[in-house]
Q: 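Sharing a structure, written as structure tokens. Questions coming.
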Amino acid sequence: MKKYDVIIVGAGAAGLSAALTLSEKLKVLVICKGEKQLCNSNLAQGGIAGVYNSPEDSPEFHKHDTFVAGGFENDPVTTDILVNEAKTDIHRLIEFGVDFDKKENGDYHRTLEGGHGKHRIFHNADATGHEIVVKLQAAVEKLPNVDFLDNALLCSIKKVNGGFVLDILKDEKFDTYCCQYAVLCTGGIGRVYEFTTNSSIATGDGIAFAYNMGARIKHLSYIQFHPTAFNNKNTRECFLISEAVRGEGAYLLNCNKERFMHNYDKRLELAPRDVVSHSIIFEAKRTGSDDFYIDISHKDSEFIRNRFPMIYSNLLKAGYDLTKDSVPIFPCQHYLMGGIDVDSSSQTSVDGLYACGECSHTGVHGNNRLASNSLLEALVFSRRAAEHINKRHFDESFSPVYEFVHDENASPIPKGLRTSIRAIMQKAYFVMPDVDALFPGFEKVKEIKELLERGKFLVNKDYVEARALATVAYIILKEAIAIASENAEITRSDVK
Ligand SMILES: Cc1cc2nc3c(=O)[nH]c(=O)nc-3n(C[C@H](O)[C@H](O)[C@H](O)COP(=O)(O)OP(=O)(O)OC[C@H]3O[C@@H](n4cnc5c(N)ncnc54)[C@H](O)[C@@H]3O)c2cc1C
């Protein structure tokens, strides 16, 4: 058994920031299940929100905007931490070499996004996440105490006395690892939907592992649907047209190429994401058409090309010129506000288990995340997790005995299960719950989950991810049914 003090599962913003904060005296392993940069962090376009050296802004204003977007369901303690510690983590990023765009006078260019009352989003053109991941990965690779394994899939994690044992599949070979503290930074759940902006890693693995270890999971049905994904319904991974495009003045148009947001919210196109997504669905019902567009052609073409180089060139490849054309958009799954419930040091309800980033629920987002607050959450709370672990007791004698048993002759899982789960979720719980589809969807997902749990299937990536997808779909729909029942939309009480 390979022994580490701390194992971090996930190498996005959260996992990397945790590794960079852990004491160099600790022996640390970081794993990710795909290529090093395959994660949601790498896709982040808009930027990272935070008040850093801006006298005209304040953490209190940032907190206010976060609460308004979150429907005032935000946790006041963790939200205070988020907005007040933003300066620490933005400064750290700059020290790790992250190159945020600057104005001619040398000050940082801070952009505006929906729901923010001030310009406070630090960005690197429209590819901020990639810049952060590249620079943090380079810094982690220099750490002598940290081993990094890519294409290494966590297949199972068990709580044992004094720590955890983990079953990791790399190069078609299983190895058993142990650690005293484990940090889950496994990202979101987007792949439980047919249409999502999320990377292919977003199958909810960490949430399912934590749930099966008995950790408390909270608000898994608090899912954000981004209003402006490029509407190319032929691909599962939808290309995002960043909030910042609306922040820079883009209009949203209906099927008649008319602006419509004034009918739904006085903040118009700069209303928070949930409001804009809901408005699109209501407008689609009113007009009887799913055709919607984003249009920024009234702005200077050179400004658009310089400000959104990645979005501009990707759309051009798809046949749309952002400087001239109205571009088709529609909402799609984008972000998970809920997750593994943690305290302000990112500790879960299982002793020694931490969770950070999109797989966690810190409560900072309330029922709807304010744009660009998620990279910030990932960085602030993973740093805090690592600072907490640095102060904990480590037992030199920790040496658990555990054996994972695999039947290499077992059959692969039946085909089509993941497709069924995605179709159910798309129908039952997309932007707004479809009350008639919730209960039958839940029953079917429960059946799939039980099949995967009971059956003796070959343990591989397909199995681990399908089981995780079934588990998160089960929790989401169960919670959605409970909410609908409270609102007297569903009367069945036999949901187990
Ligand atoms: C298109 C897009 C644009 C976005 N834009 C912004 C933005 O502008 N600003 C902002 O704040 N947020 C943005 N977000 C959200 C933000 O990027 C994410 O919430 C955040 O980066 C999540 O970071 P993370 O470290 O928690 O997860 P991720 O970056 O997704 O990393 C998850 C890691 O877990 C690993 N993993 C998962 N399961 C396993 C397993 N079983 N075994 C081993 N490893 C595993 C993966 O391999 C990966 O390394 C955007 C998201 C998307 C999809």
Side-chain angles (χ1 to χ4, degrees), residues 7-18 29-50 86 111 113 121-124 126-133 136-137 148-157 166-170 183-191 196-209 224 226 228-230 237-244 247 273 310-311 332-337 339-340 355-360 365 369-379 381-382 461 463-465 467-468:
I7 295 183
I8 299 171
V9 186
L16 295 170
S17 155
L29 174 68
V30 180
I31 64 164
C32 61
K33 69 178 171 180
E35 301 299 319
K36 277 195 306 191
Q37 287 172 13
L38 189 69
C39 60
N40 278 0
S41 299
N42 194 52
L43 298 176
Q45 298 176 347
I48 172 163
T111 195
E113 294 189 328
I121 321 293
F122 290 75
H123 65 100
N124 176 295
D126 56 356
T128 312
H130 178 70
E131 171 70 8
I132 291 175
V133 168
L136 295 190
Q137 262 170 12
F148 193 118
L149 291 181
D150 59 7
N151 292 302
L153 176 79
L154 176 66
C155 295
S156 186
I157 172 167
L166 297 88
D167 192 21
I168 296 176
L169 179 63
K170 177 159 173 66
V183 190
L184 296 174
C185 303
T186 48
I189 52 106
R191 293 297 170 131
T196 175
T197 58
N198 287 195
S199 109
S200 59
I201 60 92
T203 48
D205 305 4
I207 296 169
F209 290 135
Q224 185 169 75
H226 198 291
T228 59
F230 176 48
E237 189 171 322
C238 301
F239 174 67
L240 183 68
I241 302 181
S242 164
E243 191 99 15
R273 287 177 183 170
M310 198 247 295
I311 298 174
C332 82
Q333 192 284 342
H334 184 54
Y335 183 75
L336 174 67
M337 272 76 67
I340 309 161
C356 316
E358 197 166 337
C359 69
S360 69
H365 303 303
R369 171 187 67 133
L370 180 64
S372 287
N373 264 355
S374 44
L375 282 173
L376 182 64
E377 181 202 34
L379 295 169
F381 288 94
S382 58
K461 188 161 179 279
Y463 170 77
V464 171
E465 293 189 343
R467 192 170 161 184

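Note that ligands are numbered from 1 as they come in the structure, with each ligand's atoms numbered from 1 the same way. We number each residue from 1, following the sequence as shown.
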Q: Using modelled atom types only, decide if a donor and an acceptor are shared between the side chain of Asn42 and the backbone of Gln37 within a distance under 3.5 Å.
A: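 Yes, Asn42 side chain to Gln37 backbone: donor-acceptor pair under 3.5 Å.
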
Q: Taking only heavy atoms of Ala152 into account, list the atoms of ligand 1 that are under 4.0 Å away from them.
A: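 Selected atoms, number and element: 42 (N), 43 (C).
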
Q: Which of the atoms of ligand 1 are close to Gly357, meaning less than 4.0 Å from one of its heavy atoms?
A: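 Ligand 1 atoms under the 4.0 Å threshold to Gly357: 26 (O).
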
Q: Could you find the nearest protein heavy atom to atom 40 (C) of ligand 1 and give me its residue, atom name and distance?
A: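 Result for atom 40 (C) of ligand 1: Asp205 OD2, 3.6 Å.
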
Q: Against heavy atoms of Cys32, which atoms of ligand 1 measure under 4.0 Å?
A: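 So the answer, numbered in order with elements, is 43 (C), 44 (N), 47 (O), 49 (O).
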
Q: I'd like to check which ligand 1 atoms, numbered from 1 as shown, lie under 4.0 Å from a non-hydrogen atom of Gly10.
A: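 So the answer, numbered in order with elements, is 33 (C), 34 (O), 35 (C), 49 (O).
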
Q: Can you tell me how far CZ of Arg273 sits from CZ of Arg369, rounded to the nearest 0.5 angstrom?
A: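 These two atoms lie 4.5 Å from each other.
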
Q: Looking at ligand 1, is there an atom of it that comes within less than 4.0 Å of some heavy atom belonging to Asn198?
A: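 Flag set, Asn198 near ligand 1.
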
Q: Considering the heavy atoms of Gly12, write down every atom of ligand 1 situated less than 4.0 Å from one of them.
A: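 Close to Gly12: 25 (O), 29 (O), 31 (O), 49 (O).
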
Q: Is the closest basic N to carboxylate O distance between Lys33 and Asp150 below 4.0 Å?
A: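 Asp150 and Lys33: not salt-bridged.
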
Q: Does Gln224 have a heavy atom less than 4.0 Å from any atom of ligand 1?
A: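 Gln224 does not count as a contact of ligand 1 under the 4.0 Å cut-off.
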
Q: Purely on distance, is any nitrogen or oxygen of His334 under 3.5 Å from one on ligand 1?
A: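 His334 vs ligand 1: no N/O contact under 3.5 Å.
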
Q: Measure the spacing between CG of Leu184 and SG of Cys356 and express it to the nearest 0.5 Å.
A: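 Going from CG on Leu184 over to SG on Cys356, the span is 8.5 Å.
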
Q: Can you name the one residue among Leu153, Leu154, Ile157 that meets side chain to side chain contact (heavy atoms under 4.5 Å, CB included) with Asp205?
A: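 It is Leu153; the other options fail the test.
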
Q: Between Asn198 and Ile189, is the side chain to side chain contact (heavy atoms under 4.5 Å, CB included) condition met? List the steps.
A: CA-CA 8 Å; Asn198 287 195; Ile189 52 106; 5.9 Å; no

Q: Of the side chain and backbone of Glu243, name the one, both, or neither that has a heavy atom under 4.0 Å from an atom of ligand 1.
A: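 For Glu243, no heavy atom sits under 4.0 Å from ligand 1.
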
Q: So which of Leu153, Leu240, Thr203 gets nearest to atom 3 (C) of ligand 1, if we judge by its closest heavy atom?
A: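 That would be Leu240.
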
Q: At what distance, to the nearest 0.5 angstrom, does CD1 of Ile121 lie from OG1 of Thr111?
A: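 So the CD1 of Ile121 and the OG1 of Thr111 are separated by 7.0 Å.
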
Q: Give yes if a backbone or side-chain nitrogen or oxygen of Ala44 is under 3.5 Å from a nitrogen or oxygen of ligand 1, and no if not.
A: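 No, Ala44 has no N/O under 3.5 Å of an N/O on ligand 1.
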
Q: Check each heavy atom of Glu113 against ligand 1 and say whether those closer than 4.0 Å belong to the side chain, the backbone, both or neither.
A: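 Neither part.
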
Q: Among protein heavy atoms, which lies nearest atom 18 (C) of ligand 1, and at what distance?
A: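 For this ligand atom, the closest protein heavy atom is Glu358 OE1, 3.3 Å.
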
Q: Would you mind listing which atoms of ligand 1 come within a distance below 4.0 Å of any non-hydrogen atom of Val9?
A: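 Listed by number with element: 42 (N), 43 (C), 44 (N).
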
Q: So which heavy atom in the protein is nearest atom 8 (O) of ligand 1, and how far is it from that ligand atom?
A: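 Atom 8 (O) of ligand 1 sits closest to the protein heavy atom Gly46 N, 2.8 Å.
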
Q: Nearest protein heavy-atom contact for atom 29 (O) of ligand 1: which residue, which atom, what distance?
A: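 The answer is Ser41 OG, 2.5 Å.
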
Q: Which distance, rounded to the nearest 0.5 Å, do you find between the CZ of Phe230 and the CD1 of Ile311?
A: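 So the gap between those two atoms works out to 12.0 Å.
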
Q: Which value, rounded to the nearest 0.5 Å, describes the distance between Leu16 atom CG and Cys39 atom SG?
A: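 Atom-to-atom, Leu16:CG and Cys39:SG are 7.5 Å apart.
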
Q: Just going by heavy-atom distances, which of Ala229, Ala378, Ser374 is nearest to atom 12 (N) of ligand 1?
A: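 Considering heavy atoms of Ala229, Ala378, Ser374, the nearest to atom 12 (N) of ligand 1 sits in Ser374.
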
Q: Which of the numbered atoms in ligand 1 are below 4.0 angstrom from a heavy atom of Tyr335?
A: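 The atoms of ligand 1 under 4.0 Å from a heavy atom of Tyr335 are 19 (O).
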
Q: Mark up the atoms of ligand 1 that fall under 4.0 Å of a heavy atom belonging to Thr197, in ascending order.
A: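 Listed by number with element: 1 (C), 53 (C).
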
Q: Could you tell me whether Leu375 approaches ligand 1 through its side chain, its backbone, both or neither, with non-hydrogen atoms closer than 4.0 Å?
A: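 Looking at Leu375 and ligand 1, atoms from backbone and side chain both fall under 4.0 Å.
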
Q: Against Gln45, only a single residue in Thr128, Ile241, Leu240, Asn124 fulfils side chain to side chain contact (heavy atoms under 4.5 Å, CB included); can you say which?
A: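 Among Thr128, Ile241, Leu240, Asn124, the one meeting side chain to side chain contact (heavy atoms under 4.5 Å, CB included) with Gln45 is Leu240.
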
Q: With a heavy-atom distance limit of 4.0 Å, tell me whether Cys185 approaches ligand 1 through its side chain, its backbone, both, or neither.
A: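 Near ligand 1, Cys185 shows its backbone, while the atoms from C-beta on stay back.
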
Q: Evaluate the side chain to side chain contact (heavy atoms under 4.5 Å, CB included) criterion for residues Ile48 and Leu379: first the C-alpha distance (whole Å), next the side-chain angles of each, then the deciding distance (0.1 Å), finally the verdict.
A: CA-CA 10 Å; Ile48 172 163; Leu379 295 169; 3.5 Å; yes

Q: Below 4.0 Å, non-hydrogen atoms only: which portion of Leu43 touches ligand 1? Side chain, backbone, both or neither.
A: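 Near ligand 1, Leu43 shows its backbone as well as its side chain.
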
Q: Is Ala49 touching ligand 1 with its side chain, its backbone, both, or neither, if touching means heavy atoms under 4.0 Å apart?
A: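 No part of Ala49 comes within reach of ligand 1.
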
Q: Any nitrogen or oxygen of Leu154, side chain or backbone, less than 3.5 Å from one on ligand 1?
A: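 Yes; the residue has a nitrogen or oxygen that sits under 3.5 Å from a nitrogen or oxygen of the ligand.
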
Q: Could you work out, for atom 44 (N) of ligand 1, the closest of Gln37, Arg369, His226, Lys33 by heavy-atom distance?
A: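 Among Gln37, Arg369, His226, Lys33, the closest heavy atom to atom 44 (N) of ligand 1 comes from Lys33.
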
Q: Rounded to the nearest 0.5 Å, what separates atom OG in Ser41 from atom CD1 in Ile132?
A: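 Atom-to-atom, Ser41:OG and Ile132:CD1 are 8.0 Å apart.
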
Q: Once you restrict to heavy atoms under 4.0 Å, what part of Gln45 touches ligand 1? Side chain, backbone, both or neither.
A: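 Just the backbone.
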
Q: Ala13 to ligand 1: N or O pair under 3.5 Å?
A: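 Indeed, backbone or side chain, Ala13 has an N or O that close.
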
Q: Consider ligand 1: state whether an atom of it lies below 4.0 angstrom from any non-hydrogen atom of Gly47.
A: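 Yes, that is the case, since the closest heavy atom of the residue is under 4.0 Å from the ligand.
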
Q: Applying side chain to side chain contact (heavy atoms under 4.5 Å, CB included) between Ser372 and each of His123, Glu113, Glu243, report the one that passes.
A: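 Filter result, single survivor: Glu113.
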
